[in-house]
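The next block holds one structure in the form of structure tokens; read it before the comments.
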Amino acid sequence: LTSYRLNNAHGKWESANRCVMKLHECTRLLTSRVCVLFPRCEENKARILNFRRLLVLGCVAVQKHVQGKVDVLTTVQAIL
């Protein structure tokens, strides 16, 4: 019984880890594509940093929602 619980917990952890890694991969890809798309200037640098900040905020909001720790909508509205 203990072995089953450990295997089940490990399986859940692996699944969550795969999801987080996929999310990280997609955000890096999006950020790099946005950086390539726009020419270098201070205005675009500020926009790209804001875009990156919003991507990170979205990832954190998803994490908090999955963990059930806080009300995501309230948190996002407070930050924005």
Side-chain angles (χ1 to χ4, degrees):
L1 183 62
T2 303
S3 175
Y4 173 75
R5 286 186 174 176
L6 287 176
N7 285 336
N8 190 32
H10 185 69
K12 288 179 182 177
W13 179 85
E14 282 183 335
S15 176
N17 187 48
R18 275 193 303 274
C19 290
V20 168
M21 294 308 286
K22 185 66 178 170
L23 186 61
H24 176 68
E25 176 188 339
C26 290
T27 56
R28 284 185 61 179
L29 180 65
L30 281 172
T31 304
S32 65
R33 287 185 178 174
V34 166
C35 288
V36 169
L37 186 64
F38 295 106
R40 276 193 173 181
C41 69
E42 286 302 315
E43 184 180 343
N44 286 339
K45 182 178 178 181
R47 288 177 179 166
I48 291 170
L49 287 175
N50 190 42
F51 176 75
R52 181 175 173 254
R53 185 181 70 83
L54 291 173
L55 276 176
V56 171
L57 175 63
C59 292
V60 170
V62 168
Q63 175 194 13
K64 297 295 183 186
H65 176 71
V66 168
Q67 292 175 347
K69 290 190 174 182
V70 294
D71 180 27
V72 176
L73 185 58
T74 305
T75 305
V76 171
Q77 287 175 343
I79 293 172
L80 293 177

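- Alongside Leu30, the hydrophobic cluster contains Val34, Leu37, Phe38, Ile48, Phe51, Leu55 (criterion: ILVMFWY side chains under 4.5 Å).
- For residues 29-49, every residue pair satisfying the side-chain hydrogen bond (donor to acceptor under 3.5 Å, both in side chains) rule, not counting sequence neighbours, is listed here: Glu43-Arg47.
- Separation of atoms OG1 (Thr27) and CG (Leu54) is listed at 13.0 Å; rounding is to 0.5 Å.
- Residues that satisfy the salt bridge (Lys or Arg N to Asp or Glu O under 4.0 Å) test with Lys22, not counting sequence neighbours, are Glu25.
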Test log, rule side-chain contact (heavy atoms from CB on, under 4.5 Å), inputs Met21 and Asn17: CA-CA 6 Å; Met21 294 308 286; Asn17 187 48; 4.0 Å; yes
